[in-house]
Colleague: 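One structure, pasted below without further comment.
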Protein chains: 2
Amino acid sequence: MGYLDFTGKYTHSVDAKNRVNIPARFRKVLAEAEICEVVISKGIDSGHIDVFPLPKWLAIRDKISASMQLVNRTHRNFLRQITQNATHCVLDSQGRIMLTPALMELAGIKKGANVEFIGLLDFMEIWDPDELKKHEENTPLTESDFEKLEQLPLI
Amino acid sequence: MGYLDFTGKYTHSVDAKNRVNIPARFRKVLAEAEICEVVISKGIDSGHIDVFPLPKWLAIRDKISASMQLVNRTHRNFLRQITQNATHCVLDSQGRIMLTPALMELAGIKKGANVEFIGLLDFMEIWDPDELKKHEENTPLTESDFEKLEQLPLI
DNA sequence: TAGATTTGTGGGAGATTGTGGGTAATACTA
DNA sequence: TAGTATTACCCACAATCTCCCACAAATCTA
């Protein structure tokens, strides 16, 4: 799965049936990895939907279920929050996926409106354009953020 | 059993005979794993019923009986809570299961009313909608919860 | 620049799903 | 044992969803 490489930002529209076309560039990446199924779920930041290629989702799922203890209430609540909005989607013959009303509501995405696809290397995000702008304005990376990031072996 | 992957939230109704349809998505997951029997039992949080696919239930049962110490009163109480309301259910030809009056009473689920199915990876929960809302409002994930979760190797 | 191919979007028909109810078999009760 | 209640197993049907086809706009290629 290390070869997935989603990059860039693309504008698409959600149709009357809650379908969105995955950008062709991203579809090619999926096709090369022979992936035709993704899992969409609530993004951690509000205002967007995460789109995980199936192998990435399975990796996340395995990590979660390995470390969850279901007698722990916090764990249970966390698990519910992750899973209840997660949905498996198989790309249709046009390369589209169907969003759920619940996720659209959570992300502020409206039927017939535009959305922004962002590639994040091995997964994607779908944003409502206004929410994305707002998010970028409200949470710029500060100097101290960079100092914290410096502690990770990043670039 | 690692391949079970119940995700999403679906609204269904309990009919006059205490039957609920298992959401089609979940039925497909069960069918692919060739499972047609589940065990329903009292959920740990109040207001819901747990639905374990048979293999998951057997795994839970084995874990419990291996580690329970019956001289320990907490263990005995926990065991009783799990077992006394646990019921084996075989899906009918429409993919429905029948809830027991006792479990419905415990979960606040009423005949003819709606329920919410939540997928939690390898099992499901059935909630009374009001109880679920109440639970979510009363026990939101806090910043300190996330800090604790951050220490787990999750995502 | 012109043709060919790919891409984005829309809509319609058939299959699936959720739900209700009826009947026969079984279990329970007095 | 007879009557009653409960359960299991069908069938039915409307609403919904999924899949497939179609076409226009955009992009690529020669």
Side-chain angles (χ1 to χ4, degrees), chain A residues 6-32 36-40 49 51 87-105 109-119 124 126-129, chain B residues 6-32 36-40 49 51 85-105 109-119 124 126-129:
Chain A
F6 301 109
T7 55
K9 187 164 95 170
Y10 302 92
T11 304
H12 280 258
S13 71
V14 183
D15 70 14
K17 292 179 176 179
N18 298 346
R19 295 178 297 190
V20 255
N21 212 323
I22 292 188
R25 285 283 178 86
F26 293 171
R27 282 209 309 264
K28 271 183 192 143
V29 174
L30 288 171
E32 272 166 31
C36 62
E37 186 173 343
V38 298
V39 173
I40 56 176
I49 296 172
V51 183
T87 310
H88 286 253
C89 302
V90 177
L91 306 216
D92 73 10
S93 53
Q94 265 63 31
R96 289 173 293 193
I97 55 173
M98 208 173 64
L99 305 179
T100 65
L103 278 174
M104 289 172 63
E105 172 77 28
I109 291 171
K110 284 154 288 287
K111 238 187 251 292
N114 280 348
V115 291
E116 304 279 359
F117 269 85
I118 301 181
M124 306 160 239
I126 305 176
W127 285 81
D128 170 69
Chain B
F6 301 108
T7 57
K9 187 165 94 169
Y10 303 91
T11 304
H12 280 258
S13 69
V14 183
D15 70 13
K17 296 176 177 177
N18 297 345
R19 296 177 298 188
V20 254
N21 211 324
I22 293 189
R25 284 284 178 90
F26 294 172
R27 282 207 310 266
K28 271 184 193 144
V29 174
L30 288 171
E32 271 166 31
C36 62
E37 185 173 343
V38 298
V39 174
I40 56 176
I49 297 172
V51 183
N85 292 299
T87 310
H88 287 253
C89 303
V90 177
L91 307 216
D92 75 9
S93 56
Q94 264 64 31
R96 290 173 291 196
I97 54 174
M98 208 174 65
L99 304 178
T100 64
L103 278 174
M104 289 172 63
E105 173 74 29
I109 290 171
K110 287 154 287 287
K111 236 189 253 292
N114 281 348
V115 291
E116 305 278 1
F117 269 84
I118 299 181
M124 306 160 240
I126 305 176
W127 285 81
D128 169 69

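Naming: A, B, ... by sequence-line order, numbering from 1 per chain. Values reported hereafter were calculated over all heavy atoms of this structure, with side chains retained and with hydrogens, waters and symmetry mates removed. Source: prediction; values computed, not measured.
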Colleague: Could you work out which one of C:dG18, C:dG10, C:dT7 sits closest to the side chain of B:H12?
Modeller: C:dG18
Colleague: Between A:K28 and C:dT7, does any side-chain N or O lie under 4.0 Å from OP1 or OP2?
Modeller: yes
Colleague: What integer distance in Å separates A:N114:CG from C:dG8:C1'?
Modeller: 12 Å
Colleague: Determine the contact category for A:D92: base if any of its heavy atoms lies under 4.0 Å from a base atom, sugar-phosphate if only primed atoms, P, OP1 or OP2 are that close, otherwise nothing.
Modeller: nothing
Colleague: Is the phosphate of C:dT9, meaning OP1 or OP2, less than 4.0 Å from a side-chain N or O of A:S13?
Modeller: yes
Colleague: Please round to 10 degrees the angle between the axis of the first five pairs and the axis of the last five pairs in the helix from C:dT1-D:dA30 to C:dA30-D:dT1.
Modeller: 30°
Colleague: Taking the six-membered ring for Trp, are the ring centroids of A:F117 and A:Y10 within less than 6.0 Å of each other?
Modeller: no
Colleague: Once hydrogens and angles are ignored, does a donor-acceptor distance under 3.5 Å link the base of C:dG22 to the side chain of B:K17?
Modeller: yes
Colleague: Determine the contact category for A:R25: base if any of its heavy atoms lies under 4.0 Å from a base atom, sugar-phosphate if only primed atoms, P, OP1 or OP2 are that close, otherwise nothing.
Modeller: nothing
Colleague: Under 4.0 Å between any heavy atoms, over every strand shown, what does A:N21 touch: base, sugar-phosphate, or nothing? Just pick one.
Modeller: base
Colleague: For B:T11 and A:I22, take the nucleotide of DNA chain C holding the closest heavy atom to each; which residue's nucleotide lies nearer the 5' end?
Modeller: A:I22
Colleague: Looking at C:dG8, does its base get a donor-acceptor pair with the side chain of A:R19 below 3.5 Å?
Modeller: no
Colleague: Starting at atom CG of B:L91, determine the distance to atom C1' of D:dT7, rounded to an integer number of angstrom.
Modeller: 16 Å
Colleague: Which one, D:dC11, C:dG8, D:dC20, comes nearest to the side chain of B:Q94?
Modeller: D:dC11
Colleague: Any N or O donor-acceptor pair linking the side chain of B:R96 to the base of C:dG20 at under 3.5 Å?
Modeller: yes
Colleague: Atom CE of A:M98 to atom P of D:dT16: distance rounded to whole Å?
Modeller: 13 Å
Colleague: Is any side-chain heavy atom of A:I97 closer than 4.5 Å to one of A:I22?
Modeller: yes
Colleague: Tell me, with the steps shown, if B:I40 and B:L103 meet side chain to side chain contact (heavy atoms under 4.5 Å, CB included).
Modeller: CA-CA 8 Å; B:I40 56 176; B:L103 278 174; 3.6 Å; yes
Colleague: Scan A:K110, A:R19, A:M104 and name whichever one has a side-chain contact (heavy atoms from CB on, under 4.5 Å) with A:V14.
Modeller: A:M104
Colleague: Round to the nearest Å and state the distance from A:D15 atom CG to C:dG12 atom P.
Modeller: 13 Å
Colleague: Atom CD1 of A:I97 to atom P of C:dG8: distance rounded to whole Å?
Modeller: 13 Å
Colleague: Kindly indicate, with the supporting measurements, whether the criterion side chain to side chain contact (heavy atoms under 4.5 Å, CB included) is fulfilled by B:N21 and B:R27.
Modeller: CA-CA 9 Å; B:N21 211 324; B:R27 282 207 310 266; 2.6 Å; yes
Colleague: Determine, stepwise, if the pair A:M124 / A:V29 fulfils side chain to side chain contact (heavy atoms under 4.5 Å, CB included).
Modeller: CA-CA 12 Å; A:M124 306 160 239; A:V29 174; over 6 Å; no
Colleague: In chain order, what residues pass the salt bridge (Lys or Arg N to Asp or Glu O under 4.0 Å) check against A:R25, with sequence neighbours excluded?
Modeller: none
